[in-house]
Amino acid sequence: EDQVTQSPEALRLQEGESSSLNCSYTVSGLRGLFWYRQDPGKGPEFLFTLYSAGEEKEKERLKATLTKKESFLHITAPKPEDSATYLCAVPKAAGNKLTFGGGTRVLVKP
Amino acid sequence: GAVVSQHPSWVICKSGTSVKIECRSLDFQATTMFWYRQFPKQSLMLMATSNEGSKATYEQGVEKDKFLINHASLTLSTLTVTSAHPEDSSFYICSAPPGTYNSPLHFGNGTRLTVT
């Protein structure tokens, strides 16, 4: 059964303090790994899709990387507006069903 | 970009009543839609897959008679929580794939259900 584990569960950062979030996965054949951002009381907002080890994607202060066993979401010089829960997910064996990790709650203090 | 609209955004109901939540794909057609549930400080758990023109498929442990799903058109899926109880209080989120296989799911903004 596919498993996705995220760490840490929560992260408190000072504005400008760069950090990384981890997403470890165990799947029977990776069909992509997705990163989403979720604000309180909202649905997840798509950030990135990674398909193969070594792949990297960037968007503003966020950069996602992928290895054969895990993915990292690097937040460079974060701002308070980067505060959110970041979720990673992998598709199940068939179709578009996603298995989500537990998420990392990020709080960036000014 | 692809947009999924969910309504209502929040609802409060009394125990024993039923509540219907709508999920619409606004600029694309979706033969399947997915319903997730999220408890506070927890991640999203898939409840069921809504299939246009056929029965929904439910994940293990989800009561199909409790959570009725109807996917009557290519742009609308509904989730009805029947005979709601306080333990059904949660954040319900729908999603739909906008196109090709493995294209990222787009999510609605969720419905906060509170059963008193």
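Because only heavy atoms are used, hydrogens play no part in the values below, and waters and symmetry mates are left out as well, while side chains stay in. Order of the sequence lines sets the chain letters (A, B, ...), proteins ahead of strands, with each chain counted from 1. This structure is a prediction, so every number in the text was calculated from the model and none was measured.
- With hydrophobic clusters built from ILVMFWY side chains whose heavy atoms lie under 4.5 angstrom apart, A/Leu87 does not share a cluster with A/Ile75.
- Between A/Pro44 and B/Leu105 the shortest side-chain heavy-atom distance does not fall below 4.5 Å.
- In terms of hydrophobic clustering, with Ile, Leu, Val, Met, Phe, Trp and Tyr side chains grouped at heavy-atom distances under 4.5 Å, B/Ile69 and B/Ile93 are assigned to different clusters.
- Heavy atoms from other residues, nucleotides or ligands lying under 6.0 Å from NZ of A/Lys42 number 12 at most.
- Ionic pairing of B/Glu59 and A/Lys97 is present here: one or more N-O contacts between side-chain nitrogen and carboxylate oxygen are shorter than 4.0 angstrom.
- Without hydrogens or angle criteria, B/Ser43 side chain to A/Gly103 main chain gives no donor-acceptor distance under 3.5 Å.
- Residues B/Phe28 and B/Trp35 do not share a hydrophobic cluster, defined by chaining ILVMFWY side chains whose heavy atoms lie under 4.5 Å apart.
- Atom CD of A/Glu15 sits in a crowded spot, with more than 12 heavy atoms from other residues, nucleotides or ligands closer than 6.0 Å.
- Looking at heavy atoms from C-beta onward, A/Leu98 lies in side-chain contact with B/Tyr36 at the 4.5 angstrom threshold.
- No donor-acceptor pair under 3.5 Å is formed between the side chain of A/Tyr36 and the backbone N or O of B/Phe107.
- Other residues, nucleotides and ligands contribute more than 12 heavy atoms inside 6.0 Å of the CD atom of A/Glu17.
- Annotation for A/Lys57: atom NZ counts as buried by contact number, over 12 foreign heavy atoms lying within 6.0 Å.
- In this structure, the portion of A/Gln38 lying under 4.5 Å from any heavy atom of chain B is its side chain and not its backbone.
- Note: A/Phe46 and B/His106 have tilted aromatic rings, judged against thresholds of 30 and 60 degrees for the angle between ring planes.
- Atom OG1 in A/Thr85 sits 12.5 Å away from atom CD in B/Gln42 (nearest 0.5 Å).
- Note: the hydrophobic cluster containing A/Tyr86 also contains A/Leu11 (ILVMFWY, side chain heavy atoms under 4.5 Å, direct or indirect links).
- Placement of B/Val11 and B/Leu79 within a single hydrophobic cluster is found when ILVMFWY residues are connected by side-chain heavy-atom separations under 4.5 Å, directly or transitively.
- Both the backbone and the side chain of B/Leu44 come within contact range of chain A, judged by heavy atoms closer than 4.5 Å.
- Close approach to chain B, defined as a heavy atom under 4.5 Å from one of its heavy atoms, is seen in no residue of residues 61-73 of chain A.
- Annotation for B/His7: atom NE2 does not count as buried by contact number, only 12 or fewer foreign heavy atoms lying within 6.0 Å.
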